[in-house]
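Each ligand, and each atom within it, is numbered from 1 in the order the structure gives. The figures here come from the full heavy-atom set of this structure, side chains too, leaving out hydrogens, waters and symmetry mates.
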Amino acid sequence: MATPDEPEVHAAWLPPEAFRVLGSSRIAVYGDGDLVDTAAQEVRQACVAWGGEVAHYASRLAAGGVETFDAVLALTSWPSLPAAAESVRAEMVRGGVALGDEGFTLARRDGVTVVLAEGAAGLLYGLFHVVRLGRTAFLAGRPLEHHRPAMPLRVVDHWDNVDVHPVTGQIERGYAGGSIFWESGALRSDLTRVRPYARLLASCGVNAACVNNVNVHTTEAHLLTDRLDDVAAIARELRPYGIRAHLSVNFASPIVLGGLSTADPLDPDVRAWWTDAAKRVYELIPDFGGFVVKADSEGQPGPFAYGRSHADGANLLADALAPFGGVVHWRAFVYNHRQDWRDRTTDRARAAYDHFAPLDGSFRDNAILQVKYGPMDFQTREPVSPVIAAMPATRLAVEIQATQEYTGQQKHVCYLGPMWSEVLGFQPWGPAGRTVADVAQGGSGQGEPVGGGLVVVSNIGDDRFWTGHPLAQANLYAATRLAWDPWLDPAAILDEWIDLTFTPAETADPDVLRRTLHAMMDESWRIYERYTAPLGVGFMVRPHHHYGPDVDGYEYTPWGTYHFADRDGVGVDRTRATGTGFTGQYPAPWADVYESLDQCPDELLLFFHHVPYGHTLRCGSTVVQHIYDTHFAGVDEVLETRALWQRIEDADLVAPDLYTRVRELLDEQVRCAEEWRDQINAYFFRKSGVPDAHGRQIF
Ligand code: GCW
């Protein structure tokens, strides 16, 4: 509970102070339409707070040639603009610049900051860019810059249940309280968090949000039909910020909701049912984005029950949505979760590729295959999924997880920007080839389809700090900014987030907060990696809730997540020579790099190889000594992180309640990191009998 002096809900990024520069200027907005109105309203609000002036020319007839503004935001179609904007527009025309609906141009001309966009969404994104730049947007000599989003679809997926689920609660893998959409089986009577959330997302360029869990239980299934009003109500709150609502649907809906005897994708009645269902959705929500489907996965129904392929399943829904411009995001997370642990021939890492690669080219244009970045399941370290390189004729979206299921559950500081940036920059075809980001972006012009974009599993809830751990906000910020521009440096993204959230520029020493947060967060993912499961082997978490260490927790279960540690060694042999053959799913050069014990990167060694404890890593250490060293080091680094935060308190740099929340969580992070260190080190010491070379305490 907030104390009387503390706000009920803390702003995430974009508190009023972030608008100080803009709001103390004279701004003109030229353009019609809902999203232009939103932009103008943002400016108006800022000017009320900071004493600036705004003029919104909202009808073409009212354009008046006023020239005394500090900034002009305009649609390029506007007939007559102030001189500075006219000159930028003329230059764009001369240069043949095409921005698309979502791009914008920014320049500073004759003492005026100019933002021009062809579409209203672009204008809104341009406005937020000016906010992000702060004073520098108003400095002389800014050259013409053109900004366009890399990914066509920049999506957040919510794993929010409507009914409180007996095991997973209101939000599956949610670590920030309840849902901002749903509560105990119903639409929340109070949707007041949704629009501010949409605003946060729009400021990063997000244009789509799926409002319910991919696991669609009985109540959630009804959102598609008799509870569509609920979805429409959420869509209404998202719309002013240019975010289209998407819905997770149950593949068996024709049976569950329609009373049919089958959900066979080739059955004419089933096809008619989906066509009708889609039509009704668009009658109520004309800008509806589309469906998300988890099929034949972890108990969800799917086309396998009818002997049909996943292309048959995806195309069924794609065809129903096509007349309305909708898309289906079809998830590739398909594997056998009822495997016998004794069965060494089944490898969960292989599953998505085995199921989907043969189907390349058979999906409709509006069917997007949504692939988790790694072959397993959002581990702290995984190789990039080979599916990403295997489907050149399919629209493909990459899915990443901002909610910290396996990365500390928003109790640990773990800034994931560097991990996602590595993933997006990975070149599956080697150094001369395209990147993962290029694939998600698509449309390279060589017959390749437009990409499916980046999908971020959201980490927010109704917590007053939005993400439980206040510093976890940086993960949502970074993930969504990377969807706009995957080449951004994660440290620079962190700077943006710090500046927009804590507005250090307004404090006595702007650098202290920035420096301290960088010192706490830049390396935090690698630190987390050091004190948890080693060398890419993954899991070793407590079953079900996935928090804290349990080395053998999943070892003898049906989930396919094993490490195979025995007295001699550890790791999963996924080679072609002697293992599951998974390395063969990669193109050259990675198929050979991963296959080779000498070339395989240390951080992925145990993902690809089973090795003796005495095996020497590329870094020169043995496997077992490396395990000890990283686990001792990781805990020391967490202690240092906690000490750094204390300095923030000493310098009085953040609100007291925010300080306290983070400090309490850091205590828990220290406790949990020590638990990880001691369990992992004890486990491997007992298995191997190899003592620590430095004689540190192992239990
Ligand atoms: O990682 C697993 C999670 C499940 C999740 C599933 C998925 C929504 O533990 O909670 O279900 O992945 O991505 O579908």
>> Against the six-membered ring of Phe582, is Arg350 placed for a cation-pi contact (under 6.0 Å from the centre, within 45° of the normal)?
In response: no
> So, for Ala389 and Pro428, which heavy atoms are closest and what is the spacing to 0.1 Å?
Replying inline: CB-CB, 3.7 Å
> So which bit of Asn213 gets within less than 4.0 Å of ligand 1, heavy atoms only: side chain, backbone, both or neither?
Replying inline: side chain
>> Checking the N or O distance criterion of under 3.5 Å, is ligand 1 in contact with Trp159?
In response: no
> Should the proximity of Val214 to ligand 1, defined as any heavy atom under 4.0 Å, be assigned to the side chain, the backbone, both, or neither?
Replying inline: side chain
>> Please list the nearest protein heavy atom to atom 6 (C) of ligand 1 with its residue and the distance rounded to 0.1 Å.
In response: Glu298 OE1, 3.4 Å
> Hey, is Gln401 one of the residues with a heavy atom under 4.0 angstrom from ligand 1?
Replying inline: no
>> Determine whether the aromatic ring centres of residues Tyr406 and His546 are separated by less than 6.0 angstrom.
In response: yes
> Got the closest protein heavy atom to atom 4 (C) of ligand 1, with its distance?
Replying inline: Glu172 OE2, 3.3 Å
> In terms of ring plane angle, is the pair His310 and His355 parallel, tilted or perpendicular, where the classes change at 30° and 60°?
Replying inline: parallel
>> Which residue is it: Glu674, His631, Gln669? I am looking for the one with a side chain to side chain donor-acceptor pair (under 3.5 Å) to Tyr531.
In response: Gln669
> Considering only the protein, which heavy-atom contact is closest to atom 1 (O) of ligand 1, and what is its distance?
Replying inline: Asp377 OD2, 2.4 Å
> Looking at Glu668 and Lys411, does any basic side-chain N land under 4.0 Å from a carboxylate oxygen?
Replying inline: no
> Which option out of Arg331, His337, Glu405, Lys372 puts a heavy atom nearest to atom 3 (C) of ligand 1?
Replying inline: Glu405
> How far is atom 8 (C) of ligand 1 from its nearest protein heavy atom, and which residue and atom is that?
Replying inline: Asn215 ND2, 3.3 Å
